Amino acid sequence: MSRAIYLYNTSSRLKELFKPIHEGHVGIYVCGPTVYGDAHLGHARPGITYDVLVRLMRNLGYKVRFVRNITDVGHLENDADEGEDKIAKKARLEQLEPMEVVQYYTIRYEEAMKKLGVNPPSIEPRASGHIIEQIALVKQILENGYAYESNGSVYFDVAKYNKDYKYGVLSGRELDEMISNTRELDGQSDKHSPYDFALWKKAAPEHIMHWPSPWSEGFPGWHLECSAMSAKYLGEEFDIHGGGMDLLFPHHECELAQNTAARGKGGVHYWMHNNMITIDGKKMGKSYGNFITLEELFTGKHPLLQKAYSPMTIRFFILQAHYRSTLDFSNEALQAAEKGLKKLFQAVRDVNGIQAVQGAKDNGEAKIYEDIYDALCDDLNTPVALSHIFEAVNIVNRAKDKSIQVSPAGLVILKKIFKDVLSGILGLEDEQSEGVGADTIGGLMDIILAERQKARAAKDWATCDALRDALGKLGIRIKDTKEGSEWSLE
Ligand code: ZN
């Protein structure tokens, strides 16, 4: 690979040079959604972050196998292994089969991701389709002595594990502190300790999702699916495991402990975590009344929204912040992003109208191109990469108003920045010319304006006006100047 990529590894708390396990091949696993409700803002950030990571790596020549799972069983209402399964509850309330709930919300999630320009993963495994692998993993952990059976359920023995390895290394927690912060068991629990977690749960009679196992008719613990499916599709040792910061503890901590207890090694070389989104400075949550689904954002139908925001506005907005920083959503910030994006795509369209000039001096195009890649390879620094892309926009604007000239080589680079980086890696597409590329629109406009120019020369004002009006109805504005006509999208 020609370029070095540096990634912040949650495990070491350092930015590290990325070295793949297998030369030229990268395995990435990201925890996907629990499909019991519509995709919301919280799904957009990891969706887009790891999409950019995969696109960047592919652009640099790596072959990437990207696995993003669908959680459709075992995610209980609280993290302490209590409460109802989120999907089973939804199914009970709506009188549906659990798999109907799963199918419905999986499709909705995938549609929302597609609108956001997030490419589908290479493999999208479901937890319920990997019960056999999960049971095998529980058996292995039991056999190695890091789990115990209790009334038909199986729990991970955190204290035992902590003696041989260390529990809490990923999230930087100490078991002693966790113990003092955990409430005492109420005596009803099958667990030996409150911080032990379920590998297998015996299903209560009213529980509608259950499978046979050596221990009981039951279902797997939530953390188990990712340990089982990542190993199945990427191997017991793989390159990158990603997810939201909210999954760091307990989910990823438990995954790491399970991997180590079963196989003697954590198996993940780089752990990546995207930070959270806040809304007007507050945490997003149903109880705060600021829970916004992606559908509501795209349509503007939410009391907190002043208007609808397009998927690309959301994507651009998210990429304007580094993935490890928190990001605050507000109408003002989204409208500013909308303006910035409009400016960006005007330049993407205008670059096709620029005539290169032989011998024109260097405007720094090649340096901008290098700077963009340097930023992206520096732990996906998308805000810095975007600021360099705006330097390219600036060159296009100045070339358009003829205050500078662009050399043929410079023009090739500017087009490459918009095509390979802006669209190819950052996944930002011009929504106003959806379906056809900006090149096509530019080419069509050249043809139409040439015809109109002929009509102007022949003083055929009726044709000129008719063309202008027809284009106006499509949101294309024509401005006549001495040199000819210019066009822009409204
Ligand atoms: Zn997971």
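Heavy-atom basis, side chains included; hydrogens, waters and symmetry copies ignored. Remember, it's 1-based here, ligands and their atoms both numbered in the order they're listed. Bear in mind that the values here come from a model prediction, so they are computed numbers and not experimental data.
Looking only at atom types and distance, the side chain of His130 has a donor-acceptor partner in the side chain of Tyr233 under 3.5 Å away. A side-chain N or O of Gln335 and one of Tyr309 form a donor-acceptor pair less than 3.5 Å apart. Asp196 and Tyr148 share a donor-acceptor pair across their side chains, judged by distance under 3.5 Å alone.
By the side chain to side chain donor-acceptor pair (under 3.5 Å) test, Glu236 pairs with no residue at all, sequence neighbours left out.
If you count the protein N, O or S atoms nearer to the Zn ion (ligand 1) than 2.8 Å, you get 3.
Evaluation of the salt bridge (charged side-chain N to carboxylate O under 4.0 Å, His left out) test over residues 220-233, restricted to residues two or more places apart or in two chains, returns Glu133-Lys232. Legend: salt bridge (charged side-chain N to carboxylate O under 4.0 Å, His left out) pairs involving residues 9-19, not counting sequence neighbours, sorted by first then second residue: Lys15-Asp378.
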